Amino acid sequence: MAEQKVNLENSSVLLIDDNQQALDMLSSVVVGFGVREQVKCSSATEAVKVLQQRPFDLIMIDCSDPEMDSYAFTRWLRRETPAPMRYTPVIMLTGHASQAKVQEGRNCGVSFVVVKPITPGVLLKRVIWLAQDQREFIECETYAGPDRRVRNFGPPLGEKGRRKGDLSAHIGIAKEANMEQADIDALLKPQRVQL
């Protein structure tokens with residue numbers, strides 16, 4: 001298989017993480033991809049202010065701030081910003097990739113979910129996938145984001161994509177094992193659906 005290459009030196013990337021050490025590491029990885037222009041934010045509310053000033057080509061977020069977490073930020077981006085900003089690809093990074101969290105990310109309009117600790121190879125592969133992504137952007141009353149229809153998977157049981165036993169992202173320990181990155185990708189990879 002031929003080696004895939006991508007040139008990101010003219011891309012602008014918005015990085016959002018409420019953990020400064022993780023934000024610095026993510027920044028280093030993105031610089032390693034050749035990105036020259038990046039803006040780092042330590043909260044989603046700070047990122048909203050930045051986005052009100054200018055657009056970006058890619059957004060990577062891991063934020064558990066109670067004021068605005070990764071899910072609320074993505075919903076805001078998809079529903080409250082003008083085109084073409086609302087179509088900006090969003091990679092959600094998470095340290096705990098339970099099926100409920102991955103489904104919630106998918107349901108709020110993220111392009112991909114990547115489990116931490118991130119590796120540059122996995123992250124770069126997702127960026128390449130996004131560069132080749134041909135999914136339509138869906139806007140309807142209940143959803144705005146990349147086409148999320150996939151075969152054999154439905155939303156988790158319970159209200160708004162959460163199970164009764166799931167804990168808040170802000171408190172407690174995980175009730176469900178982390179998903180493997182391949183399983184996350186299977187949930188997010190678009191496939192033809194027979195109607």
Side-chain angles (χ1 to χ4, degrees), residues 6-97 101-118 120 123-124 126-127 129-131 133 135 137-148 160-162 168-171 188:
V6 63
N7 182 352
L8 298 175
E9 69 181 27
N10 295 320
S11 299
S12 60
V13 179
L14 178 61
L15 307 174
I16 310 160
D17 200 315
D18 50 2
N19 177 312
Q20 187 61 48
Q21 186 177 10
L23 185 60
D24 291 342
M25 184 171 26
L26 182 60
S27 174
S28 296
V29 169
V30 170
V31 166
F33 295 164
V35 173
R36 293 182 184 166
E37 184 181 2
Q38 61 173 276
V39 173
K40 298 188 289 186
C41 295
S42 59
S43 73
T45 52
E46 180 185 348
V48 166
K49 291 175 186 170
V50 170
L51 282 166
Q52 289 170 337
Q53 302 300 316
R54 57 160 298 188
F56 288 86
D57 298 312
L58 176 64
I59 298 170
M60 296 183 191
I61 183 169
D62 180 11
C63 185
S64 58
D65 187 331
E67 189 174 332
M68 180 181 254
D69 63 11
S70 300
Y71 309 112
F73 171 84
T74 305
R75 283 187 195 92
W76 169 83
L77 178 74
R78 298 297 187 219
R79 296 206 172 267
E80 305 296 325
T81 62
M85 188 181 299
R86 71 176 43 180
Y87 309 129
T88 305
V90 176
I91 297 178
M92 188 177 85
L93 310 168
T94 182
H96 178 62
K101 287 184 83 168
V102 172
Q103 290 282 6
E104 179 67 15
R106 177 179 168 262
N107 290 340
C108 72
V110 301
S111 306
F112 281 109
V113 176
V114 175
V115 68
K116 286 182 171 182
I118 61 165
L123 196 55
L124 184 59
R126 299 319 172 267
V127 171
W129 283 359
L130 284 171
D133 194 1
R135 288 182 288 177
F137 192 88
I138 307 297
E139 293 182 80
C140 65
E141 190 175 311
T142 58
Y143 176 74
D147 192 341
R148 64 187 177 170
K160 297 182 182 177
R162 293 192 55 79
S168 162
H170 306 294
I171 60 168
L188 296 168

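Owing to the predicted nature of the structure, the values given are computational and were not obtained by experimental measurement.
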Exercise. For Q21, does the CD atom sit with more than 12 other heavy atoms under 6.0 Å from it, leaving out its own atoms?
Worked result: no
By side-chain hydrogen bond (donor to acceptor under 3.5 Å, both in side chains), Q20 pairs with (sequence neighbours left out) D24
Separation between CD1 (I59) and OG (S12), nearest 0.5 Å, reads 9.5 Å
Is it possible for you to check whether R135 lies under 6.0 Å from the centre of the six-membered ring of F112, through NZ or CZ, and within 45° of that ring's axis?
yes
Kindly check if the number of other-residue, nucleotide or ligand heavy atoms within 6.0 Å of CD (E67) is above 12? no
Quiz item: Sub-3.5 Å donor-acceptor pair from the side chain of R86 to the main-chain atoms of L77, do we have one?
Solution: no
Between D18 (side chain only) and S64 (backbone N and O only), is there a donor and an acceptor less than 3.5 Å apart?
yes
ask   = With no hydrogens and no angle check, is any side-chain donor or acceptor of S70 less than 3.5 Å from a backbone partner on C63?
value = yes
Result for side-chain contact (heavy atoms from CB on, under 4.5 Å) between L58 and one of T88, I91, V30 points to I91
Ignoring hydrogens and angles, tell me if any N or O in the side chain of S27 forms a donor-acceptor pair with the backbone of L23 under 3.5 Å. no
Residues at least two apart in sequence or cross-chain that pass side-chain hydrogen bond (donor to acceptor under 3.5 Å, both in side chains) with R79, listed by chain then number, are none
Closest non-hydrogen atoms of L14 and A47, given as atom of the first, atom of the second and distance, are CD2-CB, 4.0 Å
